[in-house]
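Written below as structure tokens is the structure these notes are about.
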Amino acid sequence: GSGGSGGSGSGAKVAAVIKGLDNPFFQTMKQGIDDQARTGGVSTTVQAANAITDTTGQAEKLNALAGQPYSCFIVNPISGTNLVQGLAKIAALKKTIVNIDSPIDAKAAKTAKATPATYIGTDNVQAGKMAGEQMARLVGSGGDVAVIGGIAGDVTSGARITGFGQGIGPKLKIVQTVAADWDRQTALTAATNVLRAHPDLTGFFVANDDMGLGVARAIANAGKTGKVKVISVDGIKDALDAVKSGSLDATVAQYPYAIGLMGVEACQASAKGKTLPADVKAPVELVTKDNADKALAATPKPFGSYDDPFKALGK
Amino acid sequence: MTVQPKPAGPAGDILLECENVSLSFGNVHALVEASLTLRKGEITALVGDNGAGKSTLVRCISGIHRPDGGRVLLDDRPTDFRSPEDARTAGIETVHQNLALVEDLTVWQNLFLNRELVRRLGPIAILDRRAMQARAQEMVSTLAVNVPAVRSRVRRLSGGQRQAVAICRAAGFSSRLVIMDEPTAALGVQETARVEELILRLRDEGHAILLISHDFAQVMRLSDQVWVMRAGRCVGGRRTSDTTGEEIVALITGAKSR
Amino acid sequence: MTVQPKPAGPAGDILLECENVSLSFGNVHALVEASLTLRKGEITALVGDNGAGKSTLVRCISGIHRPDGGRVLLDDRPTDFRSPEDARTAGIETVHQNLALVEDLTVWQNLFLNRELVRRLGPIAILDRRAMQARAQEMVSTLAVNVPAVRSRVRRLSGGQRQAVAICRAAGFSSRLVIMDEPTAALGVQETARVEELILRLRDEGHAILLISHDFAQVMRLSDQVWVMRAGRCVGGRRTSDTTGEEIVALITGAKSR
Amino acid sequence: MADAQLAVPGRDAWSTRLRDIGFWAEWAALIGLVVLVVVFQSLNSTFLSTGNVQSMLVAAAILIILAVGQTFVISTAGIDLSVASTMTLGAVVFGQAYTSGWGLPLSAVVAVVSSAVLGVVNGTLIARGKITDFIVTLGTLSAASGLALILSNGKPVTIVDPFLLRLSTGGVGIFGWSFIIAAVVAVLAHVMLFHSRFGTHVLATGGAPESATAMGISTRRIKIAVYTVSGTLAGLGAILLVARVGAAEPAANTAFLLNSVAAVVLGGVSLFGGRGTITGPVIGALLLTALVNGLTLLGVSQFYQPLAVGIVVVLAALMTRFQR
Amino acid sequence: MADAQLAVPGRDAWSTRLRDIGFWAEWAALIGLVVLVVVFQSLNSTFLSTGNVQSMLVAAAILIILAVGQTFVISTAGIDLSVASTMTLGAVVFGQAYTSGWGLPLSAVVAVVSSAVLGVVNGTLIARGKITDFIVTLGTLSAASGLALILSNGKPVTIVDPFLLRLSTGGVGIFGWSFIIAAVVAVLAHVMLFHSRFGTHVLATGGAPESATAMGISTRRIKIAVYTVSGTLAGLGAILLVARVGAAEPAANTAFLLNSVAAVVLGGVSLFGGRGTITGPVIGALLLTALVNGLTLLGVSQFYQPLAVGIVVVLAALMTRFQR
Ligand SMILES: Nc1ncnc2c1ncn2[C@@H]1O[C@H](COP(=O)(O)OP(=O)(O)OP(=O)(O)O)[C@@H](O)[C@H]1O
Ligand SMILES: Nc1ncnc2c1ncn2[C@@H]1O[C@H](COP(=O)(O)OP(=O)(O)OP(=O)(O)O)[C@@H](O)[C@H]1O
Ligand SMILES: [Mg+2]
Ligand SMILES: [Mg+2]
């Protein structure tokens, strides 16, 4: 297992390996890590995979860092198991592992004797579900909806879509799911085609904001703004703006900033020898036109209050 | 005038016969019912203008092209070469006009291409590089004056050196018929003399040779039999001893029709 | 024996002079202080064994290679060709041994390569395809017997047809010196005769010609002056009228040293 | 003589046919496109509706422009792997310039120029540095996307501009402006490739570099020129991309890279250089766009789409075999 | 005559040098690797620590195996764009077989065989269908990833197997098992390419297909064989991949595709075929792996990494110019 005994008294030395670098979601996560590190006087290095699909590339980066004198590792694995080798190495050195955003596969972690000290998670199924419920509210009368996902087979995308399916209830029907590779232009093209195939579509669920903005654009091009609803997930700033202006109907904000920030707090707490809570839920908020202003003012931080057990531990 | 020259020996001497071979590339009729025969132990020359179809006929015999019509008989049996490999197996070695060398391979690799010497280690066959290099050195030095290093890539050789390599390759393996498409075109005086010696030696060893050449003196000097092509047809054949350079030229230009 | 043949006319007649030109490729010394001169309005022949360095010397003159040492003078002025374009601008056209054709382009495109005819529409220059095709047809038909279609790609031509295209290209543009590296190697009897006529006509029009050939009869028939190369050196030069085939062969083989 | 009729039916030997593939492949894309259109239309009648044709043409515009640039490069036996990231960089530069208040025309010029400069860098490294095209453009692929990330700080910038909006949505009849721009580019490129000295020299450089050099063509200058063309067109593509998505993003755009090369090759241009067409790649780009459009219209599951795309691409190429 | 000494200093004309690039490029990767190691080690002394070297070698193993397969294909003037998705398919097949309880050995065999079959399909379409390599393998790239998605239903399967874990973590000294496997593959490939008839025929097919045919080599059979080799090695890579990430996922693995080709080209193998080496691509793969490792160790910011990678790749190739 992992102990919380790695850090020296003066403070943790933190290495973070996160997912992609061409996506604002993870940049906000990095911002959270950096901000907390600065206020806490912790030295950090943040590394990311080349792309959100680059499982082995991410593993290589963690492996490279594993032998370095860091006391605490924050990891956001692309898949449940791709980082396990590096984690085994880290655990063997009795250093703290903080798992954020996507969970490490429990069975694999156990086999590798590398169970993380804590998991600060976004529940993507939950986020999708919130989007689904909101969609059901927006189009109370029911109808057809389509889903624009990330890369086909992507785990995060899959979880969000699953949640959406659970949330929409019986009146809505998913007529088509298209993979748009997390790319705004591809999503735009895909949504244009879907709108053509299903002229009386009532809504789109889009697996992230960047693509969501592309879908909103496609709806605008087709002159159907307002008639076809769009809900996406992430809560990046541009999406909040779009919600405010009405081109996007809602976004489920996941606050990667808070996740990153709590990750560093967990490292700090562990450096002080505290025992970390095993599972911490990161805040998720539904942003609609009503609360868009509040969300915008607070971004990248959550606008509501949320539960941060590490705050207390760090004292 | 004879349409076909009289066979000098018994009919069994005939090694290869082309019967009305035709081949078109799109609307270019490269071969139009071309027929010729050639005998064992003889040097047969094939002459004609540029573009007359000589190389195309050779490519039909050596299995690169398949004729649109007509047939090629070897030992009186119709052949059906599906690939140059079939022709090589049947004992036909060819020096192509474009030489068919692989520029990025070395001289020795080209000489032994698809005839590599191997040492067997149980089921595995490992190339015997040293043996091939040594043999290659021997083969090349019989022909070339400025002998190229057998380990240098063919890309680095001069035009004549390349031609020498191609000729060595065709002559170096036991075969029944050696076809040479303008083998001395790029060769110097000394090299040409050596190739002519080689051709005569091959004949004396019992090989049949089909020689394409634009050099009349050479054709008259070496060959036993001459065939003339014009615009895709074989317009006539002569025993070399029965004809003159002028007659052949007349056939080539069409001043004389058969 | 003369090391350098006496100039037949005043010194001003000399068009091109190579002075101790050397060039090595790695450890192959292709040219070793090779020197020769050639005169206006004359046909100068260059002979030698395969690999003697003839083509390499030609490539130095036409700007493809830059010599390691020595210099090339044109009209008594040292040249410094950085590219074949410079040589062409200075009036040197070359038929290379490898022909330097682009197989995927058509005959007319090859003939006018980098000498394209254009129509100007204000600042824009549009190719004048029709004019080029017509001129190409003319040029090729003077030389070839089986005239290839000028619109067909060079890839489809027979060996001799290609050579004819390359020769047409070099002869077709006004130039002071036309270099021909084995221009008739792949040509038939009739085509060879035509090329020889062409060479004589070019000379009569005042062009200088440098002719590389392995065909002695041809060299003795056409040239005014002969240079002999052996192993990268120019081992001797003769006025053709003052020498015999035997002497030249002796120089080539090294039986005679200068 | 009667045998002649009985002989093996006319079959060219393979070496000849091989040489002809290039020729037949030139029309692979067209045949593929026609078959595809017929199939899709018969399965879903909205496929050829005005609206759908219009949106397909607009969706194809950027790919057409990139494929045209790629055609010049591939005709010289090169390959421009950096074309998509050059476009990304152009888009990001445009975004930064625009949000700094440089105004639309100047921003557009700056974007195109910076993409063109990247093309010049590619060409210069390849021609003067004598490094393989593949490695140089792979390097600039990486470098350009890095630059795009640094410049944009990894964040997209939303760009709302009425002119750009009209560019991406307006048009004449069923032809959107961006498609019209792409068509004009294609026509100009065709003239350049087949009716100018430059075009002939491009093909000569690709077909036989040594022969081209011997004829006095500066293959270096040609190489630099084609990469500059490709870079410039990527810059133009960047502006259309920004207009289309309404934002300048540092996204990887990898799909554009592979599709641009695929369009060119499907269009019958040999990767070994020396032969080019412009119509081929344009049709190739339309084919690839129509394929994705049609599959989505038919509601083919996301898991089956890649399989279908793969099979259709191979069939489109295979089809041409039965042509003669 | 004294002038000879004063003449222009020895400079080869460019056409000659051009022909020599191939030769110098063969060692580009090695020089690049050495320089890189020196630089990284001087900036961060843990770079050459046993642990780090070990993890670099393990990290390079899969890429080495793919690059070796790619080398055979590229030597015949082809390209295998499907190599990464073939690996993905192999991994998914392995995952499905394993979770269906077929046991480790059988699952591994099934995975390798299915990847090899994909290679045979590639080769057959190219050789018999006479379609350009690029289009066929682009098609199978798409088709294989589609198949992987369909088979796995888009979901990764976690595979926890003690043997696989040992495979990915154990080893002899600093050489992990997966690196040892890669090294064995490389040695066998070297013997195959340079000491067997097959290898000579591969090079002849790539260098001058018509001459090879004229000498009776069946270029078709050679084409099919090299794609089969590439597919089989992708299958082997799949098993190492599953062992490494502990799961069989339908991920795209695009990075492996570009990197495998980059390693080969950086290793001095010409994309025009006819020349090959095995050491070159292996060193190329090590170079690319060391580059990412080193940049990570130095803590180079994520945005600057692509830029750095691009510059280093170009420099590695450029460096060789100053060799002579
Ligand atoms: N693959 C091909 N495709 C189209 N036409 C061809 C092909 N090969 C040859 N030809 C044409 O067929 C005719 C005969 O060509 P061939 O090479 O047989 O002539 P040749 O007699 O060998 O001439 P040369 O003496 O010049 O070598 C020529 O007109 C040539 O253009
Ligand atoms: N690019 C090159 N690299 C290395 N060696 C070369 C190169 N070009 C020519 N050589 C060598 O230089 C020597 C002279 O070659 P060159 O082509 O000049 O001979 P040549 O006199 O024209 O012969 P031929 O009559 O056969 O055409 C030969 O030994 C050849 O192998
Ligand atoms: Mg011929
Ligand atoms: Mg020569």
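- Your options are Ala255(E), Gly294(E), Ser168(E), and the one with the most heavy-atom pairs under 4.5 Å with chain A is Ser168(E).
- Remark: Lys129(A) NZ is loosely packed, at most 12 non-hydrogen atoms of other residues, nucleotides or ligands lying under 6.0 Å away.
- Only the side chain of Thr169(E) comes within contact range of chain A, with heavy atoms under 4.5 Å apart.
- For the pair Val292(E) and Lys61(A), the tightest heavy-atom approach, listed with the atom from each and the gap, is CG1-CE, 3.8 Å.
- Thr296(E) is not listed as a side-chain neighbour of Gln68(A), based on a closest heavy-atom distance of 4.5 Å or more.
- Residues Thr45(A) and Gly299(E) come closest through the heavy atom pair OG1-CA, 4.0 Å.
- With a 4.5 Å cut-off on side-chain heavy atoms, Gln47(A) and Gln305(E) count as touching.
- Rounding to the nearest 0.5 angstrom, the gap separating the CG atom in Asn63(A) from the CG atom in Asn293(E) is 8.5 Å.
- Scanning both residues, Pro156(E) and Val155(A), for their nearest heavy atoms gives CG-CG2, 4.0 Å.
- No part of Ile159(E) comes within reach of chain A, as not one of its non-hydrogen atoms sits under 4.5 angstrom from that chain.
- Side-chain N or O atoms of Thr81(A) include none that pairs as donor or acceptor with a backbone N or O of Thr158(E) at under 3.5 Å.
- The most heavy-atom pairs under 4.5 Å with chain E, out of Val17(A), Thr56(A), Ile18(A), Leu83(A), come from Thr56(A).
- Only the side chain of Asn52(E) comes within less than 4.5 Å of a heavy atom of chain A; its backbone N, CA, C and O stay farther away.
- Interface with chain A: from residues 38-51 of chain E, residues Asn44(E), Thr46(E) qualify, criterion being any non-hydrogen pair under 4.5 Å.
- Looking at Lys110(A), there are no atoms closer than 4.5 Å to chain E (heavy atoms on both sides), in backbone or side chain.
- Both the backbone and the side chain of Ala59(E) have a heavy atom closer than 4.5 Å to some heavy atom of chain A.
- Nearest heavy-atom pair across Val160(E) and Lys107(A) is CG2-CE, 3.9 Å.
- For the pair Glu60(A) and Ser55(E), the minimum side-chain heavy-atom distance is 4.5 Å or more.
- For residues 157-166 of chain A, a heavy-atom distance under 4.5 Å to chain E picks out no residue at all.
- Minimum heavy-atom separation, Ala64(A) to Leu297(E): O-CD2, 3.1 Å.
- Only the backbone of Ala243(E) comes within less than 4.5 Å of a heavy atom of chain A; no side-chain atom from C-beta onward does.
- For Val309(E), no part lies under 4.5 angstrom from a heavy atom of chain A.
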